[in-house]
Amino acid sequence: MNAAPTTTASKYANPHQHEHQLNESSSNSNNIAAQRAAAESLSISQSVLSTTITQGEQLQHSHELMDRQSYVMKKSDRLVRGMTWSGWIANAISKDVAPPTTSTMTMTGLGG
């Protein structure tokens, strides 16, 4: 008995069935690759968001320090100016330096 060699196409009743299964397999592997890429993108996005929040907090702290130093400098200028009679008069008729207010900024940048 000679068995006829079987080809891949002869294994299927419909030759298009084999092509459909190949396309489905390719589609599944593309979906898996897309899901992996999406997961990696999400992980990177979360890392970037965390870093951005940290940088925002550092920037806010820097602004608060700058405001405090500005207040100290203006207060010092007023104190030194008051050491002369003309500066004392100028200080008497001018408004005192107001201390910086504490920030009510939230992470969205809106006051709350």
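Since the structure is predicted, the reported quantities are computational estimates derived from the model, not experimental observations.
- Residues Arg81 and Ser94 meet the side-chain proximity criterion, which asks for heavy atoms closer than 4.5 Å.
- Judged purely by atom type and a 3.5 angstrom limit, Ser43 has no side-chain atom pairing as donor or acceptor with the backbone of Ala39.
- In the displayed structure, Lys75 atom NZ is contacted under 6.0 Å by more than 12 heavy atoms of other residues, nucleotides or ligands.
- Other residues, nucleotides and ligands contribute at most 12 non-hydrogen atoms within 6.0 Å of the CZ atom of Arg68.
- Here the closest non-hydrogen pair linking Arg78 and Lys95 is NH1-O, 3.4 Å.
- Here the options are Glu64, Glu57, Gln58, the test is side-chain contact (heavy atoms from CB on, under 4.5 Å), and the partner is Gln60; only Glu64 passes.
- Taking 4.5 Å as the limit, every side-chain heavy atom of Leu59 sits out of range of all side-chain heavy atoms of Gln55.
- More than 12 heavy atoms of other residues, nucleotides or ligands lie within 6.0 Å of CE in Met66, so this atom counts as buried by the packing criterion.
- In terms of heavy atoms, Ala98 sits closest to Tyr71 at O-CD1, 3.3 Å.
- Between atom CD of residue Gln46 and atom OG of residue Ser41 there is a gap of 11.0 Å, rounded to the nearest 0.5 Å.
- We find the CG-CE distance between Asn91 and Met83 to be 10.5 Å, quoted to the nearest 0.5 Å.
- Side-chain heavy atoms closer than 4.5 Å link hydrophobic residues (I, L, V, M, F, W, Y) into clusters, and following such links, possibly through other members, connects Val72 to Val97.
- Here the side chains of Ser45 and Leu49 are not in contact, with every heavy-atom distance at 4.5 Å or above.
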